[in-house]
Amino acid sequence: ENVKIALVVKSLGNGFFDAANKGAQEAAKELGDVDIIYTGPTKATAEAQIEVVNSLIAQKVNAIAISANDADALVPVLKKAMERGITVISWDSGVAKEGRQLHLNPSDTGLIGETIIKLAADYLPEGGDVAILSASSTATNQNSWIEAAKKVLPEKFPKIKLVATVYGDDDSAKSTDEAKGLLKSYPNLKAIIAPTTVGVVAAAQVVTDENLIGKVNVTGLALPSEFKKFIDNGASQAVALWNPIDLGYSAVYLAHDLAVKKEEAKPGATLSIGRVGKVTLDDTNSAAMAPPFQFDKSNIEKFSKIY
Amino acid sequence: MKAFLKYREIWLLAAIVALIGLISTRFPAFADPGNLRQVFNDTSILMILALGQMVVILTRSIDLSMASNLCFTGMVVAMLNAAHPAIPIPLLIVIALAVGLVLGAINGLLVWRLNIPSIVVTLGTLTIYRGATFVLSGGAWVNADRMSPDFIGFQRAAFLGIPVLSWIAILVIALFFVLMTRTALGRSIYAIGVNPTASVYTGIDVGRTKFIVFCISGMIGGLCGYLWISRYVIASVEVANGYELNIIAACVIGGISIAGGIGSVGGAVLGALFLGIISNALPVINISPFWQMAISGSAIILAVVLNARGERQQGRIILKKVEAVT
Amino acid sequence: MTDVPAPRHIPDRLDKPLSSAIFSWEALLVVVAIAIFAVNSFASPYFLDPYSLSDLTFNFTEKGLIAFAMALLIISGEIDLSVAAIIALASTMMGMAVQAGAGTPVLVLIGIVVGLGCGAFNGLLVTRLGLPSIVVTIGTMSLFRGIAFITLGDQAYKGYPESFAFFGQGYVWWVVSFELVLFLIAAVIYWFLLHRTSFGRRVFAIGNNPVAAQFSGVRVGRIKFILFCLTGLMSGIASVLITSRLGSTRPSIAQGYELEVITMVVLGGVSILGGAGSIVGVVLAALIMGLVTFGLGLLNVPGIVMSIFIGLLLITVIALPIVWRRLRGGRLA
Amino acid sequence: MDTTARHSETDERLPASAPRLALSGISKSFPGVRALHNVSLSLYPGQVTALIGENGAGKSTLVKIMTGIYQPDAGTISIDGQAVALPSAHAAFGHGVTAIHQETVLFDDLSVAENIFLGHAPRTRFGTIDWRTMRKNAHEVLDTMHAGHIDADARLRDLGIANKHLVAVARAMSIDSQIVIMDEPTAALSMKEIEELFLLIEFLKEQGKAILFISHKFDEIYRIADRYTVFRDGEMVGEGLIRDAGQSQIVRMMVGRSVDHIFPQRKAEIGAPVLSVSGLSHPTEFRDIGFELHKGEILGFYGLVGAGRSEVMQAISGITRISAGTITLDGKAIAPKSAADSIEAGIVYVPEERGKQGVVIGLPIFQNVSLPSLARTSKSGMLRLAEEFSLARSYTERLDLRASSLSQDVGTLSGGNQQKVVIAKWLATAPKVIILDEPTKGIDIGSKAAVHGFMAELVAQGLSVIMVSSELPEILGMSDRVVVMREGLVAAVYDNKGLDAETLVRTAAGIAA
Ligand SMILES: Nc1ncnc2c1ncn2[C@@H]1O[C@H](COP(=O)(O)OP(=O)(O)OP(=O)(O)O)[C@@H](O)[C@H]1O
Ligand SMILES: Nc1ncnc2c1ncn2[C@@H]1O[C@H](COP(=O)(O)OP(=O)(O)OP(=O)(O)O)[C@@H](O)[C@H]1O
Ligand SMILES: [Mg+2]
Ligand SMILES: [Mg+2]
């Protein structure tokens, strides 16, 4: 009997998660005895995700690896899953501590926060106004990155001024409206930072449409395959992201080890994530996979073919 | 009726002017012609959709599936474009219209042939069309990279200093104006809303007219599918999710009576503009985006209250005759 | 008076109640429900399991509670699209109360009172100002949720007391959850209210002809107002349950529930034009929707594909009797 | 009711040439109801054929078949000797058939011109509506009908009821129809307007149109018709020239027995005032209305249609808000805020607009009857079906309702039978004062006698009745006193002793004696 590991994502159809699924399948092949159930709601809401988790519990899967739409709302149902003997970990977008055994951050939260600011600052030697266009106001990971970014601003990037944070809800129309609003309200805006793959595309398209290439730099977290066009046309100098394939791979690897090898997830423990390396759990049982990777003109061509 | 309607639209126009005035006290550049032109362009899609919804509402029906139709058709043209970038844009637009027409015709047939209330039919197709988008695309998105430059550029090209998107909106408004005031179909649409029984007795084929009306809203949905996708350069299952209510809200603010028979092209356009201005202005005047929802909700309620005042029947005024005689 | 002939006797009923019950909407729904149940049991080995069946009920209990009140409202010829927004607002208010240190009883009270208040607000706008409910509640839908957004912004409320978790996560007996028990109790109450009281009869009368009902001494405005309050109240109760089940509050909670609730009501055979419908139908429809979503979930069918099924189900179940009647009529002619 | 049969002046054209429209062997059934069975009917050019029959005899159903709204189950329709099919209302137009239906079928929010030309508007070269020509043509049509006073641009809503009828006729004229059908066109009209309508019918006759005229009023039939066709229970039971048939003969055909409609005799035992109204005013509809109603009295309210009688009655029964005035019932001032209040106090209002205000279509007969009495038939809010059935039965059977069961939807009853349900419904509340607004509108002669008999019985039991009516014979035959209203004011109050019709008509129309 194979080990059934469910890879639950925020919403289906998102290129980022599809790439993660690729990694998950890779891990499954490598581990040999694993069946992957790749699932998630189509609407990125906590309620819909709960229904998905409920049906996974009923199917008696061995492990659930979830990227959560809401850090808190999923806790009760995931607790129930653990009570019924299912291994639960979160990855990418985390669940509060009580709701999972461990959480795999794609990267170090502080580091991501710093990176997104640095991406803008690198091309603004004189400093200037920047604004953040985030996903939904309830997105756990985005919120923690933005917080981290705000923390590093005064000491490391004193010349950069964060003038606004707006939310595009990972909806391209809303993100477009918000990006336009930013450009109108802040005529001196030098950069838009969008730590979300939907928002960053919307913002880059707006900058392209308004003929602001060269005046406003769009940056943030983007999938190279989706974003190549805007690096090419100059709307963006550089963006960053971790490797979603590796992330999916690592999540499955960890889930498998916890479920099958009965590894214990406790602060300080070091766990293997196969070809990606090793992670060490901090005192909230969270681990960071790898530093974010930067894409610019020099390497986007290559990576856009991969994910 | 006309004098009466004009009256209502003038009030709406006044409200819009006042709104722009109010906004420009906090952000003077908002009232610049250039910016207003842009607001118009930003609102174009909503205006077109509101017109499509208007003809449906006028016949005492409702089309909740417009946004899902938009999503599906948008996905179809985006995938076509990704697979065959050589297909010229005008042909793609014709395809969008045709796909939208088919989806609208399905609604229309169910309403016409089976006599199922339109709200039920379109509540069903609302989820079916969006689901079909998922099935069609396998859940995958089509992003900017896979779209041809023409696909994206067409609506952005300027003609006489105004983007093609705005021209399309202007054309659609003109077409609807002719339809509603100058054609027999337009009159039948009003008549059905005013008195459906009487319409049957008058020889209007109510069912068939409703069918046509759903075909129109379907085609509009399809057209906007292309416009939306090429504007926001991403085609996914989530496109315009929940937008059906914005479309209806625009109609309501524009004074189109949900009970049918009352409403005009000008009203629908102004209603959409009103909503467009609000969503355009909030980020600009630094109102937290979290306020947007509550503000547009209040605007809708206010509009309904004011419209109801106008619509309220005046009674028969028997006594006035006495005063006129004596 | 002399030349008026002796009165003819008019019978109470022509057809027997039983024969009409067999061809009723509810019978159709029972058949559909049994069919889906059977298909589920075949399709997934995990379906016939007490725990699965228990989890299944969570897919419809909260929406079903609102659907009962919504059914009455729709029968009376009105509609409320703001129910999901009411949930969000009530949940936000409960969250605020938690921050202020309120205990479980106070929280429940707040949820219910806020729901009731929102319902009363809708009711006042509709009955006092004579506005069409569909547009009023499109407006309040944005307004209520908008207030939740203004209050919460990008924050979440959590830290609900332990005892509060019972409402959405607790079990009364074995696998029978509190939510299910509440659902069943509400079903009985609403069935009684709609089908066995003069209030229910008046609701039907209003739905069929509000003017004639008013002329007949039915206090149309008052009854509609009560129905809006009931819908708000049920949304408030649902808000307590959902908040307890999620253990936290976000302004985006229960997004899109309104259409699901209405789908449930319509699938249950309530005429969207008002004047006809039954609570048994709504209970069955709730069950069917739960069965479909959970059954497909077990097969890991994405939610959006489930919604295709729900949409198709809605249209076919409504079209079926029409087509059937037409075919039968065609044969006779 | 005494009718002097006046023969048509067009006698010389009788017997007619070939029929313009001939129906034969027409049958039509609705679920559970056989509305028409093997009926035939012929309409001749330049002649008016009256279609006569009890409520539910199938008259309106036949009209709907002739206008393409219903499809017959069997039978043939031929026009000018040619068999035709009429699958839709549009097809019927194409064959020159138009109808003024029993229900109002015009568009309140559209203009007069649009109402006339909807569906066949003149077009421009581009296929769009030619508004200018349309308006011009509308004026022309109205002018030929001597109705040039109607503004073609006016919104229909702002027209009086009589003018609305003229618009409906103008529509029929504009289609250049050869066959004009009028289903109870006079039911909502008062004397003056009925006269105008008759002038119009004469005019149409001169134009050689074939006309079908449906009415329950024999004086009208004898005044205008050339031929008659009688239906009973969905079957054709007789036809012929009206001058050859006496009223009693036709009535016998109609009901299968003879009916002499004599208003019931009653001893006037009029007691103390029960209801008194003074200074009742409404901002726009009526002013300073005052009258007294005594125990055991029938108080008639007469006036031209649109005089505001219904509005006053609705104000007394709490449906319309008043701006000033007092209502006193049994010596106690009351201020009903809703129909529920007034029903509770003991005043009930039987409305005139049956379809809109009277019956609740969709509910069965017994639920309609019990609706205002639910408080009595239920126990602490819980329904008791047995009580409802017995209440419904006792009242509907007395009014000779024709229904297959009490659980039948009222919507499937004919117009007149619905009216009986409406009356039953309010009588069942056991009121002190009952206000009947046009109680016999659209009711056949037999049932009319039943309603009148019932009214007499009610007052004999000590109730007080206000009867709003536009029918002079009814007013004169039934009332103890008559209040005449004109344009929102009380014009006069008469004792019905030696009162003559002319005085009433003059007062109502405001013409000095
Ligand atoms: N749509 C319908 N469904 C079922 N039964 C109907 C329908 N329309 C008419 N009927 C029935 O057909 C019969 C004939 O009705 P119709 O309206 O033609 O009568 P009528 O002669 O016009 O009567 P009235 O003088 O009262 O107007 C009645 O028994 C009526 O109940
Ligand atoms: N201008 C009008 N437009 C539409 N309907 C009208 C108009 N005037 C009168 N009517 C109709 O004629 C009928 C009688 O009118 P109304 O109730 O105002 O007058 P009334 O004096 O009370 O007459 P009645 O005694 O006939 O009821 C009603 O059915 C009313 O709807
Ligand atoms: Mg009739
Ligand atoms: Mg009246």
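The basis for the numbers below is simple: all heavy atoms, side chains too, and nothing from hydrogens, waters or symmetry mates. Below, chain A is the first sequence line, B the second, and so on; all start at residue 1.
Listed by chain and number, the residues in a salt bridge (charged side-chain N to carboxylate O under 4.0 Å, His left out) with K136(D) amount to none (sequence neighbours excluded). Residues forming a side chain to side chain contact (heavy atoms under 4.5 Å, CB included) with S188(B) (at least two apart in sequence, or on another chain): I204(B), T209(B).
Closest approach of Y201(B) and F93(D) over heavy atoms only: O-CZ, 4.1 Å. Taking every heavy atom of both residues into account, F107(D) and A191(B) meet most closely at CE2-O, 3.3 Å. Closest heavy-atom contact between L106(D) and N195(B): O-ND2, 2.9 Å. Closest approach of G203(B) to A89(D), counting heavy atoms only: CA-CB, 3.4 Å.
Note: M134(D) CE to R187(B) CZ = 7.0 Å, rounded to the nearest 0.5 Å.
Put simply, of T128(D), I175(D), T67(D), T98(D), the one with the most heavy-atom pairs under 4.5 Å next to chain B is T128(D). Chosen from T320(D), D130(D), L118(D), the residue pairing most often with chain B at heavy-atom distances under 4.5 Å is L118(D).
Annotation: side chain to side chain donor-acceptor pair (under 3.5 Å) contacts involving residues 45-63 of chain B, sequence neighbours excluded, comprise T59(B)-S61(B), D63(B)-S65(B), D63(B)-S217(B).
Below 4.5 Å, heavy atoms of chain D meet heavy atoms from V178(B), T181(B), R182(B), T183(B), A184(B), all part of residues 174-186 of chain B.
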